[in-house]
Amino acid sequence: MADNTTMEKIVALCKRRGFIFQSSEIYGGIGGFWDYGPLGVELKRNIKEAWWRDMVAGHDDTQAPPNAPSAYAMVGLDTSIIMHPQVWKASGHYDQFYDLFVDCRTCKARFRADQLGEYPCPRKPSRRAGEGEDCDLTEPREFNLMFKTYVGALIDPTAEAYLRPETAQGIFVNFKNVLSTTRVKIPFGIAQIGKSFRNEITPRNFTFRSREFEQMEIEFFCSPEESEDWYSYWRDRRLDWYTSLGLRSDNLRLREHEPAERAHYSCGTADIEYAFPFLPEGEFGELEGVSHRGDFDLRSHMEGKLIRDGDELVVELDEEGKPRYPGSGKDLSYFDEATKRKFIPHVIEPSAGADRTALAFLCEAYDEDAIPDEKGTLQERVVLRLHPRIAPIKVAVFPLVKKDGMPEIAASIYRELKKRWNVFYDEKGSIGRRYRRQDESGTPFCITVDSQTLADDTVTLRDRDTTKQERVRIDDLDGVIGERLTAN
RNA sequence: GCGGGAGUAGCUCAAUGGUAGAGCACUGGCCUUCCAAGCCAGUGAUGCGGGUUCGAUUCCCGUCUUCCGCUCCA
């Protein structure tokens, strides 16, 4: 990230080069929704594929990774966005996401309607809210952070359902299915990538707080005794993942939550945070939360919605003493054959935002430098120094000039490399202009066919970050580029 | 949700109650042998809706989007 990087420049580049557009722009736009353009979709796919490769598909079940307490298995899921409404009631989301609020037009304060009598009036603390002479309260208004929809064509309260506000619940409700179909044993993880929806009151800061967003979540199930060790492992493992893809450590940090900051069910939470340019100096924004959730989730889906009672989590009861929001009643505990012991697994949840990650990579990669033009005068350049693994285009192929058979040779190189990578061909305009365009797109390598190619079958291979060129035999390109793309 | 600012071409800006201009970018042609070159030509805009007016991009109202500050925040 350049020192003078601003969100304005990032947003402008994203639009200019086709990374990210505002949703429904030709109709005036819609707040909190974003579209990924031709380059953006490649970037985001690369991020998701890197995550899936590194966490799931490439995971070795047979031996412990560095610093892991033991070997473990990883499997994936792709669950539905709309689920049984009871899922969200048992999980606690329904209550936490739904509130009636009243606003005071005089003092601009907002109060929960069900707790109105408990608030002092901000202007006259001796009286309660709404009871001062100048108080001017609105009617109670519904705030629901979950998007509501109807299943089936009939609009009826019994058909109400919600777009999921997180992908995690799809994993918990499939816990038994995974156990009974895959032969995995604890400890193991279930991973999922998918869209989630939250009706944010104030979407802001480009894609950082969107109403529709994509999560990359792992629910890792382990024994209560080992859960602390696994929590530490995942916290550090996930932080390393971001640095391995190019986020600089001084823009990235791991922050353990204070006990008071944690959700009521959490035994420990750490955020992986990035110093986004839209934040004040020294402040960080969340990319991923790694949470030790204890047995809260599986218990909720067994017994019903849980609330805290002192040190205990207990099922919330209604007036008749029955569970207010019953769980499934299914037994989600785990029987350990080795120890002949039955327990409800504890859960470590590394939950990452794919869109926030993409935005962080874009911010980190954005740079402005100066390189000499043909007269030796320094010219400003905008370059995206994206890690080769996530760069939308890996290689661009150019003929130096549009004659002497150079386009034909360049096109054949393009077609050959296209078999393995996303490659771009361009023969229009000056060579310098073509290099600059690729620099803004984050393309790590450019290949140019020149007159020497005609004599000895070599081309120049230009490095995006240094602009240095070297000559490589056409036959060696596949190997050389493959090596560089996977170098770090 | 509240208060304030802002919306003219892809970008940066101009202008006017009476045919909306420029630079850059983009497209095509010529030229061009390594870092945004040159020449010629071209595409392209007043966020949306309503009102006032003979006529509104301009004035008024609403709305949407966006920025800043509050508020909220799973």
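By convention in this document, chain letters (A, B, ...) are assigned in the order of the sequence lines, proteins followed by strands, and residues within each chain are numbered from 1.
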ring-ring contact (aromatic ring centres under 6.0 Å, His included) between Phe206(A) and Phe276(A), intermediate numbers included
CA-CA 11 Å; Phe206(A) 201 28; Phe276(A) 285 101; over 10 Å; no
Passes ring-ring contact (aromatic ring centres under 6.0 Å, His included), Phe220(A) versus Trp234(A)? Steps please.
CA-CA 9 Å; Phe220(A) 189 83; Trp234(A) 278 111; 5.5 Å; yes
List the steps, then state whether ring-ring contact (aromatic ring centres under 6.0 Å, His included) holds for Phe175(A) with Phe221(A).
CA-CA 9 Å; Phe175(A) 177 72; Phe221(A) 300 93; 4.6 Å; yes
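Lys15(A) comes within 4.0 angstrom of sugar-phosphate atoms only, judged by non-hydrogen atoms across all strands, and of no base. Among the protein residues, Met406(A) comes within range of the nucleic acid bases, having at least one heavy atom under 4.0 Å from a base atom. When heavy atoms are screened at a 4.0 angstrom cut-off, Glu8(A) is found touching no nucleic acid atom at all. Among the heavy atoms of the strands lying under 4.0 Å from Glu440(A) is at least one base atom, whether or not backbone atoms are also near. Heavy atoms of Arg436(A) sit under 4.0 angstrom from at least one base atom. No contact: Asp439(A) has no heavy atom under 4.0 Å from any strand.
Between the CZ atom of Arg17(A) and the C1' atom of C11(B) there is a distance of 11 Å, given to the nearest Å. Look at CD1 on Ile371(A): it is 11 Å from C1' on C34(B), rounded to the nearest Å. Arg433(A) has its CZ atom 11 Å from the C1' atom of G38(B), to the nearest Å. Atom CD1 in Ile30(A) sits roughly 15 Å away from atom C1' in G47(B) (whole-Å rounding). Going from atom CG of Leu454(A) over to atom P of C34(B) covers 14 Å, rounded to whole Å. Rounded to an integer number of Å, the gap from Phe278(A) CZ to G69(B) P is 12 Å. Rounding to whole angstrom units, CD of residue Glu25(A) and P of C64(B) are separated by 18 Å. Leu279(A) has its CG atom 10 Å from the P atom of C68(B), to the nearest Å.
Asn251(A) places a side-chain heavy atom less than 4.5 Å from the side chain of Glu364(A).
Donor-acceptor pairing under 3.5 Å is recorded for the side chains of Thr167(A) and Glu217(A).
For the C1' atoms, the distance linking A56(B) with A20(B) amounts to 13 Å, nearest Å. Rounded to whole Å, the separation between the C1' atoms of U12(B) and U71(B) comes to 35 Å. Between the C1' atoms of G38(B) and U32(B), the separation comes to 9 Å (whole Å). Distance noted for atom C1' between A9(B) and U57(B): 14 Å (whole Å). Between C59(B) and G5(B), the two P atoms lie 14 Å apart (nearest whole Å). Taking atom C1' on both nucleotides, C34(B) is separated from U27(B) by 24 Å, rounded to a whole Å. Atom P of G10(B) sits at a distance of 27 Å from the matching atom of U63(B), rounded to the whole Å. Straight-line distance between the C1' atoms of U52(B) and C60(B): roughly 7 Å, to the nearest whole Å.
Across all strands shown, U65(B) pairs with A6(B); the Watson-Crick or G-U wobble distances both stay below 3.5 Å. Look at A56(B): it lacks any Watson-Crick or wobble partner with both distances under 3.5 angstrom. Base pairing of C30(B) is made with G38(B), judged by Watson-Crick or G-U wobble geometry with both donor-acceptor distances under 3.5 Å. Using N1 to N3 plus N6-O4 or O6-N4 for Watson-Crick, or N1-O2 and O6-N3 for G-U wobble, each under 3.5 Å, G21(B) pairs with C13(B).
In the set C11(B), U33(B), G1(B), G1(B) carries the atom at the smallest distance from any side-chain atom of Thr202(A). Listed nucleotides U33(B), A25(B), C34(B) differ in distance to Lys403(A); the shortest reach to its side chain belongs to U33(B). When distances run from any side-chain atom of Lys428(A) to the nucleotides A25(B), G28(B), U32(B), the shortest one goes to G28(B). You'll find that the side chain of Arg204(A) is closest to C68(B), out of C68(B), A25(B), C35(B). When each of U33(B), C72(B), A36(B) is scored by its nearest atom to the side-chain atoms of Arg209(A), the top-ranked nucleotide is C72(B).
A donor-acceptor contact under 3.5 Å is not formed by the side chain of Arg462(A) with the base of C34(B). A donor-acceptor contact under 3.5 Å is formed by the side chain of Tyr435(A) with the base of C34(B). Taking 3.5 Å as the limit, the base of U32(B) and the side chain of Ser430(A) contain no donor-acceptor pair of atoms between them. Scanning atom types as modelled, one donor and one acceptor separated by under 3.5 angstrom connect the side chain of Thr460(A) and the base of C34(B). One N or O donor and one acceptor, one from the side chain of Gln469(A) and one from the base of C34(B), sit under 3.5 Å apart.
A close approach under 4.0 Å does occur between a side-chain nitrogen or oxygen of Gln22(A) and OP1 or OP2 of U66(B). Between Arg437(A) and C35(B) there is no side-chain polar atom (N or O) within less than 4.0 angstrom of OP1 or OP2.
Nearest-nucleotide assignment on RNA chain B puts the 5′-proximal partner with Lys402(A), out of Lys402(A) and Glu380(A). Heavy-atom nearest nucleotides on RNA chain B were determined for Gly31(A) and for Ile431(A), and the one closer to the 5' end corresponds to Ile431(A).
Taking the centre and axis of the six-membered ring of Phe197(A), the NZ or CZ atom of Arg164(A) falls outside the cone set by 45° and 6.0 Å. The cationic group of Lys89(A) lies under 6.0 Å from the six-membered ring centre of Tyr94(A) and within 45° of the ring axis, placing it in a cation-pi geometry.
Nearest heavy-atom pair, Phe21(A) versus Lys15(A), reported as atom, atom and distance to 0.1 Å: CE2-O, 3.7 Å.
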